[in-house]
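What follows is a short report on a single structure.
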Amino acid sequence: MALTAESHRGIAREGSLFSASAPWSTQLLPVQDTTAANRRRSRTKFTEDQLKILINAFNQKPYPSYATKQRLALEINTEESRIQIWFQNRRARHRFQKRSEPEEHLESSQDEDHPEEKIQSRGDRRCRTSYTSSQLHTLIEAFMNNPYPGIDSRQQLAIEIGVPESRIQIWFQNRRSRCHVQRKREPDEALEQRQDQGQDL
DNA sequence: CCGCTAACATAATCAAACC
DNA sequence: GGTTTGATTATGTTAGCGG
């Protein structure tokens with residue numbers, strides 16, 4: 001019963017960019033990891049009313065400010081992070097659709113022109129979170145233990161250091177990405193790896 | 001089984017805090 | 001002014017659910 005064809009699919013995209021250069025795990029992405037610690041957040045099911053409000057807001061402004069996202073979160077009784085994810089997914093979906101149907105659609109001052117409202121566009125974002133050294137210590141320790149924590153682990157960390165779970169998730173994302181970049185360009189004293197291909201661009 | 005889409009990933013980039 | 005690093009984005013993948 002040597003591995004079905006389906007499971008092979010998961011490993012198919014192995015040799016793409018970084019291959020197996022992850023120092024934190026001997027294996028690849030933690031896909032199909034049904035462990036409790038790596039479980040995803042349960043899928044949110046928006047009601048029609050919620051969707052109506054979200055879509056309406058999206059049509060007016062696909063790049064809402066943080067304040068707007070907070071207001072929406074309060075209005076439809078959902079976490080702000082879900083609003084953010086929803087807008088991300090919606091924009092991606094929309095963009096793909098545009099390619100297929102680039103019909104005339106330029107919005108010609110139909111709405112969103114409230115003179116009383118300043119057009120901050122992408123002005124105000126969430127205030128930058130500053131972590132204390134002890135919080136950082138906890139995060140780094142958790143990262144070394146598991147760089148891909150599931151919702152349960154993230155929530156536990158959030159309570160432990162007193163930071164919203166969404167910030168924990170962002171922190172792990174940034175941390176992982178940074179580690180990848182570090183591996184990419186580090187011709188320094190890391191190791192005598194100047195003997196590699198010597199092919200840079 | 002399949003389409004839709006929330007959840008999640010990386011990489012690039014913006015930008016605040018800090019020196 | 002440069003570095004560090006949190007926040008946001010585009011883009012692509014994984015997975016849950018209803019038809």
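If you're wondering where the values come from, they're calculated on a predicted model, not measured in any experiment. So you know, we letter chains A, B, ... as the sequences are listed, proteins then strands, and number each from 1.
Note: OH (A/Y66) to P (C/dG6) measures 16 Å, nearest angstrom. Across the protein-nucleic acid pair, A/Q155 atom CD and B/dA7 atom P stand 13 Å apart, rounded to whole Å. Put simply, CZ on A/R154 is 10 Å from P on B/dA7, counting in whole angstrom units. One atom, CG of A/N174, and another, C1' of B/dA16, lie 13 Å apart when rounded to the nearest Å. One can place CZ of A/R91 at 15 Å from C1' of C/dG12, the figure rounded to the nearest angstrom. In this entry the distance linking CZ of A/F46 with C1' of B/dC4 reads 14 Å, nearest Å. A/I83 has its CD1 atom 10 Å from the P atom of B/dA7, to the nearest Å. Rounded to an integer number of Å, the gap from CD1 of A/I170 to C1' of B/dA9 is 11 Å.
Between C/dA10, B/dT10, C/dG6, one nucleotide has an atom nearer to the side chain of A/Q173 than all others, and that is B/dT10. With C/dT9, C/dA7, C/dT14 as the choices, the nucleotide that has an atom nearest any side-chain atom of A/R40 turns out to be C/dT14. Side-chain proximity of A/R128 to B/dA7, B/dT10, B/dA15: nearest is B/dA15. The nucleotide whose nearest atom lies closest to any side-chain atom of A/R93 is, among C/dA7, B/dA9, B/dT5, B/dT5.
Nucleic acid contact for A/R126: sugar-phosphate only, since backbone atoms but no base atoms lie under 4.0 Å from a heavy atom of the residue. Heavy atoms of A/R90 sit nowhere under 4.0 angstrom from any nucleic acid atom. In this structure, A/S42 reaches the sugar-phosphate backbone alone: every heavy-atom distance under 4.0 Å involves primed, P, OP1 or OP2 atoms, never a base. Here A/T129 lies in heavy-atom contact (under 4.0 Å) with sugar-phosphate atoms only.
Distances shorter than 4.0 Å separate some side-chain N or O of A/R95 from OP1 or OP2 on C/dT11. Side-chain nitrogen and oxygen atoms of A/Y131 include none within less than 4.0 Å of the OP1 or OP2 phosphate oxygen of C/dT4. Of the side-chain N and O atoms in A/R39, none sit less than 4.0 angstrom from OP1 or OP2 of B/dA7. Contact check, A/W86 against B/dA6: a side-chain N or O comes under 4.0 Å of OP1 or OP2.
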Polar atom pairs (N or O), protein with nucleotides 17-19 of chain C, under 3.5 Å:
none

Between protein and nucleic acid, restricted to nucleotides 1-3 of chain C and to nitrogen or oxygen atoms under 3.5 Å apart, what atom pairs and distances do you find?
none

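A/F87 is listed as a side-chain neighbour of A/P64, based on a closest heavy-atom distance under 4.5 Å. Proximity of A/F143 to A/T138: side-chain heavy atoms (C-beta onward) are nowhere separated by under 4.5 Å. Side chains of A/I83 and A/I76 form a contact here, defined as non-hydrogen atoms less than 4.5 Å apart. Residues A/F58 and A/I53 have side chains not in contact (no heavy-atom distance under 4.5 Å, counting atoms from C-beta outward). A heavy-atom distance below 4.5 Å is found between the side chains of A/R175 and A/W171.
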Apply the test side chain to side chain contact (heavy atoms under 4.5 Å, CB included) to residues A/Q60 and A/N56: give CA-CA distance (whole Å), side-chain angles for both, the deciding distance (0.1 Å), then the verdict.
CA-CA 6 Å; A/Q60 293 179 33; A/N56 188 18; 3.3 Å; yes
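Electrostatic pairing of A/E79 and A/R41 counts as a salt bridge here, judged by a charged N lying under 4.0 Å from a carboxylate O. Ion pairing between a basic and an acidic side chain is recognised when a charged N comes within 4.0 Å of a carboxylate O; A/E48 and A/K52 show no such pairing.
The base of B/dC14 sits within donor-acceptor range of the side chain of A/R125, with an N or O pair under 3.5 Å. Side-chain atoms of A/R178 stay outside donor-acceptor range of the base of C/dT5, with no qualifying N/O pair under 3.5 Å.
Surrounding CD of A/Q156 are at most 12 heavy atoms belonging to other residues, nucleotides or ligands under 6.0 Å away.
Comparing A/N89 and A/S177 by the nucleotide of DNA chain B whose heavy atom lies nearest to each, the residue mapping closer to the 5' end is A/N89. Taking the nucleotide of DNA chain C with the nearest heavy atom to each of A/A92 and A/Q84, the more 5' of the two is matched to A/Q84.
A cation-pi geometry, defined here as NZ or CZ lying under 6.0 Å from the six-membered ring centre and within 45° of its normal, holds between A/R91 and A/Y63.
To the nearest 0.5 Å, the span separating CG on A/D152 from CZ on A/R40 amounts to 14.0 Å.
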